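Just so you know, these numbers use all the heavy atoms, side chains as well, and skip hydrogens, waters and symmetry mates. Not measured: the values here are computed from a predicted model.
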Amino acid sequence: MSIDSNLTSLINGLSGHISFIDSLMVAVTHWGLPLMILCVVPLWWLRLNRCEMRYLAVSSALTFISGLLINQFVLLFISRARPYTEGLTHLLIEPSTDPSFPSDHATGAVAIAVTFFFHGRNKMGALFSLGALLVMFSRVYVGTHYVTDVLGGLVTASIAGLFVRRFHYRESFLNRCLTRIL
């Protein structure tokens with residue numbers, strides 16, 4: 001068995017013993033990413049540093065979308081089965097029909113975190129990173145992903161974050177148009 005399979009089995013093996021923790025991990029896997037998004041959305045209406053906050057909100061959205069587009073590109077070359085279809089994990093949530101690698105949940109959560117780090121907002125980046133780590137852990141815990149699937153999501157989100165940081169800047173035409181909405 002590979003290190004990936006061993007780590008995946010180890011993390012997923014923690015499930016099924018304490019129903020409260022199982023319920024918590026299922027909640028995190030379903031609601032962690034939407035809650036992270038809901039924490040970014042109010043930045044749009046903050047009065048303090050309005051231009052900067054809107055720029056961060058737009059950058060987060062662009063990083064999120066870019067990361068998911070990178071994932072779609074990766075799927076053209078890699079179609080990995082889910083660990084539960086291989087008999088490696090037991091599933092605590094409904095099965096998914098799409099390929100396992102890379103994890104879209106991990107990509108989305110990490111995309112938000114790296115945006116704040118890449119723009120020098122380290123405290124917010126650290127808070128979002130905790131959320132991203134919880135989401136990533138929960139995806140393996142509930143049995144729907146391998147460890148390398150969530151690490152793949154981390155990589156695609158980081159690449160997307162670097163791309164957005166390099167090509168999307170506050171004075172750009174796109175940012176000026178988008179941040180004038182509402």
Side-chain angles (χ1 to χ4, degrees), residues 4 8 25-44 53-85 89 91 93-119 121 124-170 172-175 177-179 181:
D4 185 28
T8 301
M25 287 294 111
V26 169
V28 168
T29 214
H30 285 305
W31 297 105
L33 181 56
L35 285 174
M36 288 178 70
I37 293 167
L38 285 175
C39 287
V40 173
V41 170
L43 295 178
W44 193 261
M53 291 299 114
R54 284 187 170 196
Y55 171 62
L56 285 169
V58 169
S59 294
S60 290
L62 290 173
T63 302
F64 190 104
I65 292 165
S66 298
L68 294 179
L69 288 173
I70 292 169
N71 286 0
Q72 293 306 305
F73 179 75
V74 169
L75 288 174
L76 295 174
F77 303 98
I78 300 172
S79 182
R80 184 181 201 184
R82 299 274 178 166
Y84 56 84
T85 62
T89 61
L91 198 56
I93 61 172
E94 61 282 345
S96 178
T97 57
D98 61 335
S100 189
F101 182 88
S103 166
D104 287 339
H105 280 77
T107 299
V110 173
I112 293 169
V114 299
T115 297
F116 287 89
F117 276 123
F118 290 168
H119 289 87
R121 297 294 184 145
M124 291 175 79
L127 288 173
F128 282 122
S129 290
L130 289 174
L133 286 171
L134 270 171
V135 168
M136 293 167 66
F137 182 83
S138 76
R139 299 301 286 170
V140 179
Y141 184 95
V142 301
T144 197
H145 278 295
Y146 289 93
V147 169
T148 52
D149 297 340
V150 296
L151 293 177
L154 182 146
V155 170
T156 58
S158 298
I159 291 168
L162 290 170
F163 179 82
V164 169
R165 181 67 176 128
R166 172 69 178 94
F167 294 106
H168 178 251
Y169 47 96
R170 193 161 35 167
S172 70
F173 176 75
L174 174 65
N175 192 65
C177 290
L178 290 174
T179 56
I181 298 171

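Thr148 approaches Phe101 most closely through the heavy-atom pair O-CE1, 3.3 Å. Nearest heavy-atom pair across Asp4 and Val147 is OD1-N, 3.3 Å. The heavy-atom pair separating Ser158 from Val114 by the smallest distance is OG-CG1, 4.0 Å. The heavy-atom pair separating Pro99 from Leu75 by the smallest distance is CB-CD2, 3.7 Å. Nearest heavy-atom pair, Met136 versus Ala106, reported as atom, atom and distance to 0.1 Å: CG-CB, 3.7 Å. The nearest pair of heavy atoms linking Thr144 to Pro83 is O-CD, 3.6 Å.
A distance of 8.0 Å separates OG1 of Thr156 from CG of Asp104, quoted to the nearest 0.5 Å. Considering OH of Tyr84 and OG1 of Thr89, their distance stands at 8.0 Å, rounded to 0.5 Å. In this structure, CZ on Phe116 lies 11.0 Å from OG on Ser129, to the nearest 0.5 angstrom. Atom CD1 of Ile112 and atom OG1 of Thr107 lie 11.5 Å apart (nearest 0.5 Å). Separation of atoms OG (Ser138) and CH2 (Trp31) is listed at 13.5 Å; rounding is to 0.5 Å. Put simply, CG on Leu33 and CG on Leu38 are 9.5 Å apart, with the number rounded to the nearest 0.5 Å.
Annotation for Phe118: atom CZ counts as buried by contact number, over 12 foreign heavy atoms lying within 6.0 Å.
Under a 3.5 Å cut-off, the side chain of Arg139 and the backbone N or O of His145 do not form any donor-acceptor pair. The closest donor-acceptor contact from the side chain of Ser60 to the backbone of Leu56 lies under 3.5 Å. Of the possible donor and acceptor atoms, one in the side chain of Arg82 sits under 3.5 Å from a partner among the backbone N and O of Asp98.
By the 30° and 60° cut-offs, the orientation of the rings of Tyr141 relative to Phe137 is tilted.
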Quiz prompt | Trace of the side-chain contact (heavy atoms from CB on, under 4.5 Å) decision for Thr63 with Phe163 | solution = CA-CA 8 Å; Thr63 302; Phe163 179 82; over 6 Å; no
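Counting heavy atoms from C-beta on, the side chains of Ile93 and Leu91 come closer than 4.5 Å. Looking only at side-chain heavy atoms (C-beta outward), Met124 and His119 stay at 4.5 Å or farther from each other.
In the model, Ser59 has no side-chain atom that pairs as donor or acceptor with a side-chain atom of Thr115 under 3.5 Å.
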